[in-house]
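Remarks on the structure that follows.
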Number of protein chains: 2
Amino acid sequence: MTTTSAGHPEGLPQLLREAGLRVTQPRVAVLGAVRAHPHADTDSLIAAARRDVPEVSHQAVYDVLGALTRSGLVRRIQPPGSVARYEARVGDNHHHVVCRSCGTIADVDCAVGHAPCLTASDDHGFTIDEAEVVYRGLCPTCAAAATA
Amino acid sequence: MTTTSAGHPEGLPQLLREAGLRVTQPRVAVLGAVRAHPHADTDSLIAAARRDVPEVSHQAVYDVLGALTRSGLVRRIQPPGSVARYEARVGDNHHHVVCRSCGTIADVDCAVGHAPCLTASDDHGFTIDEAEVVYRGLCPTCAAAATA
DNA sequence: TGTCGAATCTTGACTCGTTCCAGATACGGG
DNA sequence: CCCGTATCTGGAACGAGTCAAGATTCGACA
């Protein structure tokens with residue numbers, strides 16, 4: 001066991017290097033954890049990272065997640081009523097569905113094409129450079145449970 | 001000063017009653033504060049409410065905000081990297097622009113019409129009943145400051 | 001390959017927003 | 001006007017996330 005998690009055992013260091021980040025055990029472990037567990041919260045990521053590097057401090061994980069977010073390797077999402085979560089799918093413009101009942105998160109592609117979301121009807125003079133869409137509802141499981 | 005805040009000194013109690021809530025001084029004060037200060041955070045609302053009712057405990061304000069949110073009189077919004085904020089514009093489908101620099105929030109109407117946001121390209125079986133859109137960018141002031 | 005400076009990690013304390021609890025108080029139906 | 005219950009007060013507790021100081025490790029360069 002204790003495989004280097006994701007499917008690119010050697011690719012992670014390279015990704016880090018290309019992003020201009022030093023390659024350290026904590027960073028490889030955290031990046032692998034995010035890629036292996038999309039939409040995971042910080043606690044889960046700390047636990048997952050410790051499977052590879054048992055000694056990582058929570059502080060290091062927070063720091064790494066901050067660095068990865070800053071360099072664009074991961075994205076931080078923060079659904080209301082939940083703690084911060086991270087995902088490794090970046091670059092493609094996609095959004096999320098959040099289940100009201102169990103909090104599960106799933107990816108959805110942009111509703112109206114590629115990036116029309118960036119067009120607000122009246123932008124109040126703001127220079128808009130990004131739009132995030134969060135859908136709320138019930139996941140299939142919870143919907144079934146509620147109907148039953 | 002110490003006016004009853006909003007423009008409907010007598011309307012607030014009625015709004016509360018119609019929502020099935022008891023009319024108390026803290027509730028009137030908090031509801032008035034939310035209507036007078038759109039997008040304000042909890043601390044500001046506590047301060048604003050205390051202008052009318054100096055003795056309100058922070059706990060009461062939290063409780064009132066919860067009750068108002070539950071009955072649909074106010075909406076709770078929680079921009080990433082910021083604390084909870086509340087607004088009294090409910091019922092109309094509108095979204096928000098958040099300034100990356102100063103955190104200012106402004107309202108924007110739905111980009112593509114009325115409620116097309118509810119249509120995700122692939123909903124993964126979710127029963128979607130709401131969509132929230134958050135635009136990110138710079139407000140006119142911060143944009144000017146950044147360019148200068 | 002060995003050395004050195006700077007970035008990164010460890011440990012532990014701390015802040016801040018929010019929630020929980022128990023007892024006192026006020027609203028409003030009868 | 002009175003009573004039962006929803007609501008409010010005051011204070012303590014909680015958890016996610018941040019700050020700070022010192023030890024460690026990466027990797028550029030000789």
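Here is how names work: the chains are called A, B, and so on, in the same order as the sequence lines, proteins then strands, and each is numbered from 1.
When each of Val61(B) and Arg22(B) is assigned the nucleotide of DNA chain D with its nearest heavy atom, Arg22(B) is the one assigned upstream, toward the 5' end. When each of Arg17(B) and Arg85(B) is assigned the nucleotide of DNA chain C bearing its nearest heavy atom, the one mapping closer to the 5' terminus is Arg85(B).
Gln59(B) places its CD atom 11 Å from the P atom of dC21(C), with the value rounded to the nearest Å. Straight-line distance from the CG atom of Leu21(A) to the P atom of dT25(D): 20 Å, rounded to whole Å. As rounded to whole Å, 19 Å separates atom P of dA23(D) from atom CD of Glu55(A). Rounded to whole Å, atom P of dC9(C) lies 13 Å from atom NE2 of His58(A). A straight line from CG of Asp63(B) to C1' of dC27(C) spans 15 Å, rounded to a whole angstrom. Between Ile46(B) atom CD1 and dT9(D) atom P the separation is 11 Å, expressed in whole Å. Between the CD atom of Gln25(A) and the P atom of dG27(D) there is a distance of 12 Å, rounded to whole Å. Rounded to a whole Å, the OH atom of Tyr62(A) is 16 Å from the C1' atom of dT11(C).
In this structure, Ala84(B) reaches the sugar-phosphate backbone alone: every heavy-atom distance under 4.0 Å involves primed, P, OP1 or OP2 atoms, never a base.
Residue Glu55(B) qualifies as open at atom CD: its count of foreign heavy atoms under 6.0 Å is 12 or below.
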Checking His39(B) against Asp107(B) for the side-chain hydrogen bond (donor to acceptor under 3.5 Å, both in side chains) test, could you report, in this order, the C-alpha distance in whole Å, the side-chain angles of both residues, the deciding distance, and whether it holds?
CA-CA 9 Å; His39(B) 312 136; Asp107(B) 291 334; 2.8 Å; yes

Stepwise side-chain hydrogen bond (donor to acceptor under 3.5 Å, both in side chains) check, Glu87(A) with His94(A):
CA-CA 11 Å; Glu87(A) 67 177 355; His94(A) 77 274; 3.3 Å; yes

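Counting heavy atoms from C-beta outward, Thr104(A) and Val98(A) have side chains that stay 4.5 Å or more apart.
Contact check, Arg27(B) against dT7(D): a side-chain N or O comes under 4.0 Å of OP1 or OP2. In terms of phosphate contacts, Thr24(B) brings a side-chain nitrogen or oxygen within less than 4.0 Å of OP1 or OP2 of dC8(D). An OP1 or OP2 oxygen of dA16(D) is reached within less than 4.0 angstrom by no side-chain nitrogen or oxygen of Thr42(A).
Of the candidates dG17(C), dG17(D), dT9(D), the closest approach to any side-chain atom of Asp43(B) belongs to dG17(C).
Tested against Val30(A) for a side-chain contact (heavy atoms from CB on, under 4.5 Å), the candidates Val64(A), Asp52(A), Val74(A) yield a single pass: Val64(A).
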